[in-house]
Amino acid sequence: MKLVFATNNINKLKEVNEIAKNSGVEFILPPDGFNPEENGQTFEENSYIKAYEAAKLSGQTALADDSGLCVDSLNGAPGLYSARYAPTQQQRIERLLKELSGKDNRNAKFVCCMTLVTPDGETLFQTTGICNGHITDKPDGVNGFGYDPVFIPDNYNITIARMDDSTKNSISHRGNALRQVLEFLSTTNL
């Protein structure tokens, strides 16, 4: 089954297809013109907005995720604004580390909400995956994307950016959410 995944981020598309390998589901990009306004107040709302936009554009059921990094001592920031925290990935990491400078509590979590929506706007399934951990003092590693170089998951002693894809996908927020979606899809006829 091919399913539209509501993103323009090729790294995210590659990641979800790697997680979904052997599930019988292949994710594809939405049609040209996909550019939803993410003006929701929660990960759930933004996930729905993106999925519905992709479903309308494609005329097919679509899946979207909205995800971000929530840092305890920053009152959950960058949160919904993780991708817009600064203009580039490097600047986002620099800003995060600067704002955490001198703080003892570096606990954080990656959150990923996924929503499956029909072209008429019906939500078929929604779930959230979480990966708890903490923020390092400096970036380490080159794998992954986003905040992976500064995030060490609980029960590990390396950043996500130093993990191989298989390990990352087995513990990540996106992997946790997507496995729930794939389980739902395995019991449903679309």
Side-chain angles (χ1 to χ4, degrees), residues 5-21 27 29-30 34-36 38 40 42-44 46-47 50 63-115 127-182:
F5 190 72
T7 189
N8 290 315
N9 182 333
I10 197 73
N11 289 319
K12 213 182 258 193
L13 182 70
K14 284 166 58 177
E15 188 172 285
V16 296
N17 275 318
E18 181 64 28
I19 296 166
K21 188 172 56 181
F27 294 100
L29 290 173
F34 175 71
N35 189 24
E38 296 179 47
T42 64
F43 291 118
E44 291 81 6
N46 280 340
S47 177
K50 290 189 276 189
L63 178 68
D65 88 331
D66 195 55
S67 52
L69 177 69
C70 303
V71 180
D72 289 359
S73 64
L74 300 180
N75 297 317
L80 283 180
Y81 306 101
S82 293
R84 302 180 292 272
Y85 208 45
T88 67
Q89 176 178 318
Q90 171 89 16
Q91 290 170 323
R92 287 189 283 276
I93 287 173
E94 288 170 0
R95 177 179 175 189
L96 176 67
L97 293 178
K98 183 178 179 190
E99 291 184 2
L100 281 173
S101 179
K103 294 194 186 296
D104 292 332
N105 180 357
R106 299 178 80 85
N107 292 336
K109 64 184 174 186
F110 275 120
V111 176
C112 174
C113 178
M114 288 193 169
T115 308
T127 190
T128 299
I130 292 174
C131 180
N132 291 302
H134 67 275
I135 305 300
T136 62
D137 292 326
K138 61 184 189 309
D140 183 27
V142 295
N143 296 332
F145 57 95
Y147 297 93
D148 290 355
V150 294
F151 186 85
I152 297 178
D154 285 351
N155 303 314
Y156 288 83
N157 59 6
I158 59 172
T159 65
I160 288 181
R162 288 192 53 212
M163 295 178 175
D164 60 62
D165 289 345
S166 176
T167 303
K168 173 187 175 176
N169 292 338
S170 72
I171 64 167
S172 76
H173 56 308
R174 189 166 292 111
N176 291 334
L178 186 56
R179 280 186 287 280
Q180 295 174 60
V181 171
L182 293 171

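Computed from a prediction, not measured in an experiment: that's the story for all the values here.
Between C70 and V111 the shortest heavy-atom distance is SG-CG2, 4.1 Å. The minimum heavy-atom distance between P149 and T136, with the atom names listed, is O-OG1, 4.1 Å. Across all non-hydrogen atoms, the minimal contact from G146 to I93 is O-CD1, 3.6 Å. The shortest heavy-atom contact between R162 and G141 is CG-CA, 3.5 Å. Heavy-atom minimum distance, A6 versus P30: CA-CG, 4.3 Å.
To the nearest 0.5 angstrom, E15 atom CD is 5.5 Å from S172 atom OG. Here I158 contributes atom CD1 and I152 contributes atom CD1; the two are 8.5 Å apart, rounded to the nearest 0.5 Å. Remark: I171 CD1 to Y156 OH distance equals 4.5 Å, nearest 0.5 Å. With rounding to the nearest 0.5 angstrom, the SG atom of C112 is 9.0 Å from the CZ atom of F43.
Not one N or O on the side chain of N143 forms a donor-acceptor pair closer than 3.5 Å with the backbone of D164. Remark: the backbone N or O of I130 is paired with a side-chain donor or acceptor of N176 at under 3.5 angstrom. Although no hydrogens or angles enter the test, the distance criterion places a donor-acceptor pair under 3.5 Å between the side chain of R106 and the main chain of I135. Not one N or O on the side chain of R179 forms a donor-acceptor pair closer than 3.5 Å with the backbone of I19. A distance-only check finds a donor-acceptor pair linking the side chain of D148 to the backbone of F145 [under 3.5 Å]. A donor-acceptor distance shorter than 3.5 angstrom exists from the side chain of S47 to the backbone of A64, with no hydrogens or angles considered.
Using a cut-off of 4.0 Å between Lys/Arg side-chain N and Asp/Glu carboxylate O, E18 and K21 are scored as salt-bridged. Checked for salt-bridge contact, E99 and R95 meet the test: a charged N lies under 4.0 Å from a carboxylate O.
For residues 65-112, the ring pair (Phe, Tyr, Trp, His ring centres under 6.0 Å) pairs, not counting sequence neighbours, are F110-F151, F110-H173.
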Start with the C-alpha distance between V16 and R174, add both sets of side-chain angles, then the distance that settles side chain to side chain contact (heavy atoms under 4.5 Å, CB included), and finish with yes or no. CA-CA 8 Å; V16 296; R174 189 166 292 111; 3.8 Å; yes

Mind running side chain to side chain contact (heavy atoms under 4.5 Å, CB included) on D65 and T7 for me, showing each step along the way? CA-CA 8 Å; D65 88 331; T7 189; 5.8 Å; no

Under the criterion side chain to side chain contact (heavy atoms under 4.5 Å, CB included), I'd like the reasoning laid out for T128 against E44: C-alpha separation, chi angles, the key distance, then a yes or no. CA-CA 8 Å; T128 299; E44 291 81 6; 3.7 Å; yes

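Looking only at side-chain heavy atoms (C-beta outward), P139 and L97 come within less than 4.5 Å of each other. Inter-residue side-chain proximity for L178 and F5 is flagged as unmet; no heavy-atom pair is nearer than 4.5 Å.
Summarising the local packing, NZ of K168 is surrounded by more than 12 heavy atoms from other residues, nucleotides or ligands at distances under 6.0 Å. Around CD of Q91, the count of heavy atoms belonging to other residues, nucleotides or ligands within 6.0 Å exceeds 12.
In this view, T159 satisfies the side-chain hydrogen bond (donor to acceptor under 3.5 Å, both in side chains) rule with no residue, not counting sequence neighbours. Residues satisfying the ring pair (Phe, Tyr, Trp, His ring centres under 6.0 Å) test with Y147, not counting sequence neighbours, are none. For S73, the side chain to side chain contact (heavy atoms under 4.5 Å, CB included) partners two or more places apart in sequence, or in a different chain, are V71, L100, K103, N105. In this view, F34 satisfies the ring pair (Phe, Tyr, Trp, His ring centres under 6.0 Å) rule with no residue, not counting sequence neighbours. With sequence neighbours left out, D66 forms a salt bridge (Lys or Arg N to Asp or Glu O under 4.0 Å) with K50.
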